[in-house]
> 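Following this message is one structure expressed as structure tokens.
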Amino acid sequence: MTRYAMTVDQKLCVTCNACVIACKNENQVPEGAARCWTVQVEKGSFPLLSLETRSERCNHCENAPCVTACPTGASHYEDGGIVVVNPDKCVGCKACIVACPYEVRYMHPEGYVDKCTFCIHRVREGLAPACVTVCPTKALKFGDLDDPRSEVHQELQTRQHKVLKPEEDTRPRLFFLT
Amino acid sequence: MSMSLSAIVDREELGRLGGLLRVAKSDERHVARGKRLLLGLFVLALAGAVAALVALLRGHHVMGTTSEISWGVLIATYVFFVVSSTGLCLVSSLGHVFGFKVFEPIAKKAIFLALVTLLVGFTVIATELERPFRLMKYAIFSPNPAAPIWWMGTLYGVYMVLIGAELYYLFAEDHRRAKQFGLASVIAAVAAHSNLGAVFGLSHSRPYWYGPLLPVYFIASALVCGAALLILIVTVGDYFGNDKKLRPEHAPLLDALRKLLALFITIIAFFTIWKTITGVAGQHYHKLEVTLASLSGPLFVSFWLFEVVLGMLVPLVLLLGPWRRSWHAVGLAAFLPMLSVFVMRYNFVVSGQMFSLKPVTGHGGEQLSYFPPFKGNVEGFLPYTPSWVEVLIVAGAIAAATLGFVVGSRVLALESKEA
Amino acid sequence: MAPAMNRRTFLKISGTTVIGGLAASAGLVSLMPKAQANDVRVTPDRVVPTFCELCFWKCGVLAYVKNDKVYKLEGNPKHPLSNGKLCPRGTGGLGALYDPDRLRRPLIRTRVGEEEKWKEVSWEEALDFTAKRLNEVKAKFGPESIALFSHGHGGAFFKTLLKAMGGTTIVAPSNDQCRGPRESGFELTYGVGVGSVENIDTPHARCIAFIGSHLGENMHNTAVQEVSAAAAHGATFITVDPRFSIIASKSKYWLPIKPGTDTALLLAWANVLIEEGRYQKEFVQNNVEGFAEFAAHVKDKTPEWAYIETGLEPSLIRETARELAKNAPAAFVHPGRHVVWYGNDTQRSRAIAIVNALLGNWGKKGGFYLPQSLNVAAYPSPALPHGAGFKPRQTFPLATSPCAYDVCDASMKQGDDAARVHAWIVYGCNVPLTLPNTARTIEAMKALDFVVAIDTMPSEVTGYADVVLPENTYLERYDDLDTTPFRVPYVAIRQPAVPSYGETKPGWWIAKSLAEKLGLGGFFPWKDARDYLATRLEKSKLSFADLERDGVIVGNAAPIYDDSPTQTFKTPSKKIEFYSKAMADAGLPPLPNYEAPEEPPPGYFRLLFGRSPVHTFSRTTNNPRLLEIVPENELWINSEMARVLGLKAGTRVMLENQDSVKTGPIKLKVTDRIRQDCVYMVHGFGREDSRLSRGYRRGASDARLVTRVKRDPVMGGTGMNVNFVTLYRWKEA
């Protein structure tokens, strides 16, 4: 079985935002919305400080509350567990936006709800998502969790990692290497 | 049993509908005032219709809702209308379904208003959706039974059919069938409205809403609205229609409703107290911040003034205190909870979203910075202001519902034939 | 002769100030590729390789074109600087191409009654007018009174133009406002500078010390890729910065140094390396001249001495020096890039150069590699005349080129008109924001006889020009070849991906046409850009067709390391000079000296500034895509200081410097990531040109606040971190 996942190496990410802009270009993301964004988490007090740096996007949860909440099934799982919105079936009720614990969805001006799709159109052609492709620090890796040769599989075996809001039991597929 | 249209529609009154808006010299002052009010409502309803058209054609960006606060005043208004509809169905069912005779005279008017508010509520949410017709299509052809919203649409659809049938049988004076459909409507109403509570209550990602409380709380709210609206139907109707005097046959009905309303408000107060306590105790992230926002933060005025004072304290005093014999006081005591419920629904819908799920301060005091920048303030609260389109739709909807009821009560045979 | 203009008022380029009117720039907005439905794989009509101009690194870029519109930019995998990756500005280059505020037609400042307006004119008219005015200035005051401010790859053609006119007053702000002291520091030590694409072997280093370098926020593509590679291989980082930068957060050691005291730290490091015998003895013995003098010089510069100056614990200073020594020669102190800080910056760069020599890393793997470039023949052209040099009022003994700051100074009205600069040609350089003290630059521009600005966007500098010549963007033009020295030799081509917008023209055409108008067309003997490029490649036995197809031709790499015990250097002594006789002869300290910085007055903070990865100075602060991510700059202030001042995060404040110059309002970022004695902001905001529909008045302008500069006595660099600001809550008027 294929299970697509992405790892974000917090040690390498410098929050340069190349991924944010590459995604905007690739997916024609409307102005004011972002499919991915970067976060800096500052801990401690001067001079004992630490900074977490990462990019975030849709977590493509295995147990996605947005899929559960969608009345027409527009929000659904595609190959490899990628969560995608079918624009034709979407009625704009925004139940999925409300249901998402990570606030990754936005309303597209053309009347449907949109979000990161792990660049499924690229994945189907054997390419990595646009963010992974552009990342100058190689902080982003993408692949099949169930394939032992994939980078994500190996990263998760060898590195300590975490997910966001594990208490929501969404079982995200976006892992942060710490 | 078949029924002719003339049994329902008073043709004479229909002809005199124009007179409803035209102030005649012979009209008494309060009647003239009432007519001007109706004219105002008519204009407002028209403005609302125009705004709705604008929203339908121009799309989402004429609304004040954002990707973070995506359910705004229109959703709150929809909830307000369906809670009114549900309440009317439930409280009036005490009469013609459960046999408490004192409530029987009000049956037709109550169910008629229940239908009007339901339809207005549907219209409001249709303007909120981007593609309302698609919902109807895909809810049937591509349903997702795991989705509370799917159930909401389905159950309310069933409810609409049932109260439509109930109303038909009430007009036809077929009391047996009316009672059957009345019971079915009650069941459907409870199912649909508690499910609406569950639309919010099943949102695990939003701790302020999550939990078993909301479905029950919504039903309790419905009871408040139902009793209040019935009081208003009686008092306002008699004020304008019976020369500012209460009809003597309405007195026992009013007294019963008064006591019911006081009971239901007390239940709501009980819920609110425990909702607040559990919100603050336990320090649950998101739930705590939003509860505090109501108690001492940005929503301070909405909570204390509208929800507590005007929604609970003043009405209870009016209903149970020294003024309880005055039907004017009782009328006012019914108007205030309606206003309060509207404000509360708005707060409730917006509160659950206004505290961002993207933290700006972490659990250990960490500071988070976002690129693109976080759209809220340093405390983590996101902004929402309804746009003029939304406001007009809401005002127009309320106007349309009121107008619809007034016209209906003139033109349709809504008075009970029973003495 | 044209009547003297009533000295230039700032002239916005807008609908009301342009005679002939501006056609709806909505035309540009509609050029933007339309939003498409999700998940549709767009197949490009063509993919054009070129190189980027969003900053000065020149990464290879692939432009994806459909229906003559660029919809995506990706790094060229074949280009050694990009390796298929791009920084956020390069990726957001679409915003520069489709910016609705772009210049569209040549403009001439014209008097209409009492007012001044921009008049849209034909190229013919604009070029004729420019040539005429330049000739007038040349005839009256000599070609040396015409200055060229150049920043950007296309400037080469304008340098040729000025030289053809007989002038040599060519200034680059990248010199005295940026890297100048670093180049002179390394030239005086190693005989050669470190260049742009610094010759540091980052990916193989085991330990790197960053002095003020904020890589990760300063986003040079290759540099960040390489630092990330080093990090992934477990290299240790030491960051010396008053601010906890991104790279500081990834460092094993963060030294929150007192601003202005870095040289003391460097001398103390040298002290530890020498006193503890941890320096590379053999390398120093074979390659260094003046070691004994230097050792004596740093004998008393102990970590304890440095602690008093820098505030850094002596144990930390020792530990970090030992960390560097432990990993030598695969360890280096980063030479920095923008180094004009406190006025004594060449000396600090000398100290960095010397510490690196003590680590024995020149020509070594993980240290400084020996860069190489591809030799591409020049286009056969007549020799340029020997120009007359401009003599600035203030000279610097070891400056190899005039300072932009001094040329600006010489443009102001002063006693002797003959010694003044009278005309500016400005290429791709927003001078009022680039030079410190905006007010002073504006005064200078107002005093000039003639200013012509060549740019893609309206900006502060075009507002004070007489003629504005609109250049097309890098995605619409050919340009000179790029043969930047790097680890591998390469030549890259810039070629148009889409047709030019409006009537914009490439720099090569503008320079050549101007030359022809000036009767100097002979110095531009090529027919057009393609002829120029193809001929050069042909003469070098390289395939133009290959270059057009791939965007880059990579040559065979010669060895970039030199493991021989003795290397030869281009210094007078042929060795690495710890003791510089040239400096001694010029009356300057021959060994790096430390000067304690001034203290801020009470109630004031030292103003520090830097970069955002998403912006390139004011070049991008109107770019819609990039502004979405970072819409304005923020003022970093220590949280304890904010508490003392009673200011909360997100409050807007006004800044006022020691000379009572104000800017703002700017939002506060209250954080512990900065020392208490300084404040920090990103440079390039606070735009004052209201034509910049998106950039106007966002944030604050540090350039306005830099009214004091301290000149580097060696080459004239303008040290800018010598201004102090106080702040107060902004009240909306």
Side-chain angles (χ1 to χ4, degrees), chain A residues 9-34 37-38 40 42-53 78 84-88 108-110 112 114-115 117 119-125 127 130 133-139, chain C residues 33-42 64 71-75 82-92 94-95 215-217 219 221-222 224-225 227-229 231-232 244-250 254-256 612-614 624-626 628-630 638-640 671-676:
Chain A
D9 194 339
Q10 294 192 157
K11 282 202 174 134
L12 297 180
C13 175
V14 293
T15 64
C16 74
N17 292 285
C19 54
V20 178
I21 300 176
C23 170
K24 282 205 150 242
N25 287 347
E26 178 74 31
N27 296 296
Q28 313 293 357
V29 179
E31 196 170 331
W37 57 93
T38 59
Q40 294 175 358
E42 175 188 328
K43 297 181 203 179
S45 58
F46 184 90
L48 296 166
L49 296 166
S50 73
L51 193 71
E52 256 182 57
T53 48
E78 281 280 353
V84 175
V85 176
N86 181 340
D88 289 325
H108 195 281
E110 287 186 6
Y112 58 91
D114 207 9
K115 66 175 189 69
T117 57
C119 283
I120 193 171
H121 60 288
R122 287 174 65 97
V123 172
R124 285 182 175 144
E125 309 265 333
L127 297 169
T133 308
V134 80
C135 178
T137 59
K138 298 199 180 136
Chain C
K34 282 212 166 36
Q36 293 170 10
N38 231 348
D39 298 324
V40 169
R41 185 114 176 85
V42 181
Y64 286 71
Y71 65 89
K72 187 163 67 171
L73 292 165
E74 281 184 356
S82 42
N83 299 309
K85 312 279 184 183
L86 270 190
C87 84
R89 294 151 307 157
T91 313
L94 296 182
L215 276 178
E217 289 154 284
M219 188 69 200
N221 192 356
T222 327
V224 175
Q225 285 184 38
V227 161
S228 175
F244 190 68
S245 58
I246 299 280
I247 192 73
S249 74
K250 298 189 189 299
W254 172 46
L255 281 62
S612 160
V614 158
R625 297 198 159 215
L626 301 177
E628 261 194 88
I629 317 293
V630 176
N638 179 277
S639 22
E640 184 58 27
T671 174
D672 265 5
R673 287 171 60 191
I674 189 168
R675 284 173 59 100
Q676 293 186 356

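In what follows, chains are A, B, ... by sequence order, proteins preceding strands, each numbered from 1. Every heavy atom of this structure was used, including side-chain atoms; hydrogens, water molecules and symmetry mates were not.
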> Within the 4.5 Å heavy-atom criterion, are C/Glu628 and A/Val20 side-chain neighbours or not?
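They are not in contact (no side-chain heavy atoms under 4.5 Å apart), so the answer is no.
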> Is the shortest heavy-atom distance from the side chain of A/Pro136 to the side chain of C/Met219 under 4.5 Å?
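Side-chain contact under 4.5 Å: yes.
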> Under a 4.5 Å heavy-atom cutoff, which of A/Asn17, A/Val29, A/Thr38 has the most pairs with chain C?
A/Asn17
> Taking the side chain as every heavy atom from C-beta outward, state whether A/Asn25 and C/Tyr64 have any pair of such atoms under 4.5 Å apart.
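In short, these two side chains do not touch, never coming nearer than 4.5 Å.
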> Considering only heavy atoms, which portion of A/Cys13 lies under 4.5 Å from any heavy atom of chain C: side chain, backbone, both, or neither?
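Only the backbone of A/Cys13 comes within 4.5 Å of chain C.
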> May I ask you to name which of C/Ser82, C/Ser228, C/Pro88 has the most heavy-atom pairs under 4.5 Å with chain A?
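Of C/Ser82, C/Ser228, C/Pro88, C/Pro88 has the most heavy-atom pairs under 4.5 Å with chain A.
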> I need the residue from C/Ile246, C/Val224, C/Asn221 with the largest number of non-hydrogen atom pairs under 4.5 Å to chain A.
C/Ile246
> Working to the nearest 0.5 angstrom, can you tell me the gap between A/Leu51 CG and C/Arg673 CZ?
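The CZ atom of C/Arg673 is 4.5 Å from CG of A/Leu51, to the nearest 0.5 Å.
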> Could you go through the side-chain contact (heavy atoms from CB on, under 4.5 Å) check for C/Lys250 and A/Val14 one step at a time?
CA-CA 9 Å; C/Lys250 298 189 189 299; A/Val14 293; 3.9 Å; yes
> Sequence neighbours left out, what passes side-chain hydrogen bond (donor to acceptor under 3.5 Å, both in side chains) with C/Thr671? Give chain and number order.
A/Glu42
> Which atoms of C/Ile674 come close to chain A, meaning under 4.5 Å heavy atom to heavy atom: side chain ones, backbone ones, both, or neither?
backbone
> What part of C/Ile629 is in contact with chain A, defined as an atom under 4.5 angstrom from a non-hydrogen atom: side chain, backbone, both or neither?
side chain
> Non-hydrogen atoms of chain C under 4.5 Å away: do they reach the side chain of A/Lys24, the backbone, both or neither?
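Contact with chain C involves both backbone and side-chain atoms of A/Lys24.
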> Is A/Val134 close to chain C through its backbone or its side chain, or both, or neither, when contacts mean heavy atoms under 4.5 Å?
both
> Who wins among C/Ser249, C/Ser639, C/Gly75 for the most heavy-atom pairs under 4.5 Å with chain A?
C/Ser249
> Minimum heavy-atom separation for C/Trp254 and A/Pro47, please, with both atom names.
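In this case the closest contact between C/Trp254 and A/Pro47 is CZ3-O, 3.5 Å.
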> Check each atom of A/Ser45 against the heavy atoms of chain C and say whether the ones under 4.5 Å are side chain, backbone, both or neither.
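Both parts, heavy atoms under 4.5 Å.
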> At a heavy-atom distance under 4.5 Å, which candidate from C/Val630, C/Leu86, C/Leu73 has the highest pair count against chain A?
C/Leu86
> Relative to chain A, which segment of C/Gln225 carries a heavy atom at a distance below 4.5 Å: side chain, backbone, both, or neither?
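Contact with chain A is through both the backbone and side chain of C/Gln225.
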> Identify, with sequence neighbours excluded, every residue that meets salt bridge (Lys or Arg N to Asp or Glu O under 4.0 Å) alongside A/Glu31.
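If we apply the salt bridge (Lys or Arg N to Asp or Glu O under 4.0 Å) test to A/Glu31, skipping adjacent residues, there are no hits.
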> Specify the closest pair of heavy atoms between A/Ala18 and C/Cys87, including all atoms of both residues, with the distance to one decimal.
CB-C, 3.9 Å
> State, to 0.1 Å, how close C/Phe244 and A/Leu49 come at their nearest heavy-atom pair, and which atoms those are.
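Reported closest heavy-atom pair: CZ-O, 3.5 Å.
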> Between C/Ala232 and A/Leu12, which heavy-atom pair has the shortest distance, and what is it?
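Between these two residues, the closest heavy atoms are N-CD2, 4.0 Å.
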> Let's test your reading of the structure: which of C/Gly216, C/Gly90, C/Ala229, C/Gly92 forms the most heavy-atom pairs below 4.5 Å with chain A?
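The answer is C/Gly216.
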